[in-house]
2 protein chains.
Amino acid sequence: MPVTLSRATLIEVAKLAGTSKTSVSRFFGPERERLTPKLQTRIAEAADTLGYQPNLMARGLKGGGSRLLGMLVADIRNPFSVAVVHGVEQAARAHGYSLIVCNTDNDPEQEQQHLRLLTAYQVEGLIINAAGQPEAQLQAIMRSGVPLVLLDRDIRQLDANVIGLDNALAIDMALEHLVQQGYRSILYVSESPAYASARQERLQRFTQQAATLGVKGQTLILSNLAAHAPTLKAFAKHSVSGPGAVLCANGNVTLAMTRRFQKLGIAIGPTGLMGIDELEWCELITPGITTLAQPTDDISHAAVSYLLNQLNGSAQASPLSYRHAPRLQVRGSTTFKHDPKHV
Amino acid sequence: MPVTLSRATLIEVAKLAGTSKTSVSRFFGPERERLTPKLQTRIAEAADTLGYQPNLMARGLKGGGSRLLGMLVADIRNPFSVAVVHGVEQAARAHGYSLIVCNTDNDPEQEQQHLRLLTAYQVEGLIINAAGQPEAQLQAIMRSGVPLVLLDRDIRQLDANVIGLDNALAIDMALEHLVQQGYRSILYVSESPAYASARQERLQRFTQQAATLGVKGQTLILSNLAAHAPTLKAFAKHSVSGPGAVLCANGNVTLAMTRRFQKLGIAIGPTGLMGIDELEWCELITPGITTLAQPTDDISHAAVSYLLNQLNGSAQASPLSYRHAPRLQVRGSTTFKHDPKHV
DNA sequence: CTGTTAGCGCGTTCAT
DNA sequence: ATGAACGCGCTAACAG
């Protein structure tokens, strides 16, 4: 039952327990065992009656480290980001670290400010889902000895590791599935790949593999998510080269395309629809939208593990993978029975 | 161009600039004007070449405050929570505060730990979306002088303000809309109202108002989101007392019910469907699901304003509202043209 | 095993 | 206008 109005301090506890700050400090640190049982209980009682809690700021100051991890997210409203933040927070907590998350809303300027802020709070490690290309700042951070991982998006000219989806594999899986289901013409739709390496990797792989597999591949870049109605409409007729499917580069695009399909009256299934990123509503849209779910937990755990390895001098560095395989979630949007003569 | 490997400190800057810590401190504080222009530029240069950044931990230690706000979220994967976190972070940042978010996954035990953690980091204010009833801890926190607001969920026996939706108004708006659209029998579906005051308020208001308005009101409490198929099926027949509609207490329920409707083959529209909480897919489900959107920005801004008012001694306390009105988003799920003889 | 001492990086008197 | 000295709450040497 705390009675003090202001926060109790180490020294007050010591006084009340009739001992010194050091012993109290030890009690709350990893050296508790070195104290006499009697002393331990005395301290415990004193701390309890005062409602004492160590001040982590002060602790961090001395050199014990802040026990803080920082995370920079480009768009916290993106379900993928939410899932990763959730996973990272759990993993960090499990290792005794707390997380301070900053959202940049895809604004490079905010990104710089937040980066400054994070370092000002002495975070011990950084997980960066970049919006822009803050290579200078990040380089400085790395040089200052703070470990750092990139999430999903690479940054040119920065020698840092990227953790995220295995984009090439994802595209391959998508193509294999679509071809297997009888789609012969595929329209790949993506937001602008500028400044987002994951998008670039997917786009490039698509172009390359579509050719290899001999399917008719087209690509469409959405600016501000407004899709070209004519392009889509023409594509939906799929009279030229057999049944066609639209492959969406991420969740945002899947949402935009689903809207378009509905608006233009394009039937989902006859014209295939598939997306990277699993969303809770994909099973609700009749007849269900096939997706490639990202293993967000694996990704977030890997990111945290990476940081922790670096912090522990990578002594017993547990091996971890940077590229993670997606999980194929097949639904009705890609399992339409096409007229055999087209297939 | 920072060259130092470890983080530069105030004193190093002072040395390089040929001055004292105090002046450098002033330069980075609110007293910059008191320095000679020459000195200012000298310090600026020195700080720049060293890549100096004030250590916010140390700053907070002295009494300057941590400039940190804490937020406890029951379920960070809930879109409503995400929206509020986003808004809170923006508002906090706009006022020079940073936010450290903790997710409890609806686990009272984690909640307690996170609460301890947050206070240990000397947060200056707390926004609590409670999972359990940590009244004792929160009381202690309030007594220690740290301002605190409850978000969406009240805590019994705790004299703290709650900011969130105007639940009574929301229910009233929903009922008015449904009745106006010709639905005469309404099934209100909610998750367990235990430990979630918002749910209680909505449920109670529904029961009360349904009676007042003379509509046939039933309620159904979902445990683990598994809905009673029989109840629903029977309800869908709506042969007894005219067309029926299902009103969902929140986004989770809307998701669960939409699934049920599809699984049981209940047509959306003929049997109405409406939900509290706007979700991005509600417009995608044919024929669109009518919702009551929560004004998440208003709510989050109000929460931050409240905290800041308290911190500023509520000097020029700007007035703010605790209960916020929802916005009705009408879609096809509640605008079906019923057979007149039933209406 | 325990207490004493000295900083960590910074803000803040109080002199100059 | 500027600097010297002290202390915030804590951990880490170093004694005893």
Side-chain angles (χ1 to χ4, degrees), chain A residues 4 6-44 46-47 50-68 96 119-124 144-145, chain B residues 4 6-44 46-47 50-68 96 119-124 144-145:
Chain A
T4 42
S6 51
R7 178 151 262 96
T9 78
L10 198 60
I11 206 167
E12 307 188 65
V13 177
K15 221 183 309 178
L16 204 164
T19 177
S20 72
K21 324 188 306 186
T22 311
S23 298
V24 180
S25 176
R26 289 214 174 94
F27 180 81
F28 286 99
E31 311 187 58
R32 177 179 302 193
E33 301 314 320
R34 289 175 38 176
L35 285 324
T36 291
K38 289 182 181 178
L39 222 200
Q40 288 194 33
T41 52
R42 285 222 316 278
I43 294 178
L50 288 182
Y52 170 75
Q53 288 184 258
N55 181 333
L56 294 199
M57 295 251 157
R59 189 192 316 237
L61 193 54
K62 180 55 188 182
S66 63
R67 302 303 269 178
L68 232 37
T119 56
Y121 274 112
Q122 313 294 110
V123 294
E124 296 185 45
S144 81
Chain B
T4 42
S6 52
R7 178 150 261 96
T9 79
L10 200 60
I11 207 167
E12 307 187 65
V13 177
K15 220 182 310 177
L16 205 164
T19 177
S20 72
K21 327 188 301 187
T22 313
S23 297
V24 180
S25 175
R26 288 210 175 97
F27 180 81
F28 285 98
E31 311 186 58
R32 177 179 302 192
E33 300 314 319
R34 288 177 38 179
L35 284 322
T36 292
K38 289 182 181 176
L39 223 199
Q40 288 193 34
T41 52
R42 283 223 317 278
I43 295 179
L50 288 181
Y52 170 74
Q53 290 184 257
N55 181 331
L56 293 199
M57 294 251 156
R59 173 162 9 206
L61 193 53
K62 181 55 186 182
S66 63
R67 301 303 269 180
L68 230 38
T119 57
Y121 274 111
Q122 311 297 107
V123 294
E124 297 185 47
S144 80

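Chain letters run A, B, ... following the sequence lines, proteins first and then strands; every chain starts at 1.
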- prompt: Sub-3.5 Å donor-acceptor pair from the side chain of A/Gln40 to the main-chain atoms of A/Arg32, do we have one?
  reply: yes
- request: Measure from CD on B/Glu31 to P on C/dC10 and round the result to the nearest Å.
  value: 16 Å
message: Between P on C/dG11 and CZ on B/Arg59, what's the gap in Å once rounded to a whole number?
response: 5 Å
Spacing between A/Leu56 atom CG and C/dC8 atom C1', to the nearest angstrom: 16 Å
query: So, A/Gln122 side chain and A/Ser66 main chain: donor-acceptor pair closer than 3.5 Å or not?
result: no
query: Side chains of A/Phe27 and A/Val13: does their closest heavy-atom pair fall under 4.5 Å?
result: no
- prompt: Taking for each residue the nucleotide of DNA chain C bearing the nearest heavy atom, is the 5' side occupied by A/Glu33 or by A/Lys21?
  reply: A/Glu33
query: From D/dT11, D/dG9, D/dT2, pick the nucleotide closest to the side chain of A/Ser25?
result: D/dT11
message: Need one value for B/Phe28: base, sugar-phosphate or nothing, where a base atom within 4.0 Å counts as base even if backbone is also close, heavy atoms only.
response: nothing
task: Tell me whether the OP1 or OP2 atom of D/dT2 has a side-chain N or O from B/Thr36 closer than 4.0 Å.
output: yes
Polar side-chain atom of B/Glu124 near backbone of B/Arg67 as donor-acceptor pair, under 3.5 Å: yes
statement: Separation of C/dC8 atom P from A/Leu61 atom CG, nearest Å, is 9 Å
- line: Regarding the side chain of B/Thr22, the nearest nucleotide among C/dC10, D/dT11, D/dA4 is D/dA4
- prompt: Hey, is the side chain of A/Tyr52 poking within less than 4.0 Å of OP1 or OP2 on D/dC10, counting only N and O atoms?
  reply: yes
- request: Kindly point out which of D/dC8, D/dC10, C/dT2 is positioned nearest to the side chain of A/Arg34?
  value: C/dT2
query: Mapping B/Ser20 and B/Ala58 to their closest nucleotides on DNA chain D, which lands nearer the 5' end?
result: B/Ser20
Length of the CZ-C1' vector between B/Arg26 and C/dT12, whole Å: 9 Å
Length of the CD-P vector between A/Glu12 and D/dC10, whole Å: 9 Å
task: Nearest whole angstrom, please: distance from the C1' of C/dG7 to the CG of B/Leu10.
output: 16 Å
task: Would you kindly give the NZ-to-C1' distance between B/Lys62 and C/dG7, to the nearest whole Å?
output: 15 Å
- prompt: If you measure from the Lys or Arg side-chain nitrogens to the Asp or Glu carboxylate oxygens, is any gap between A/Lys15 and A/Glu12 under 4.0 Å?
  reply: no
message: Whether A/Thr19 contacts C/dG3 is assessed here as follows: a side-chain N or O lying under 4.0 Å from the phosphate OP1 or OP2. Is that the case?
response: yes
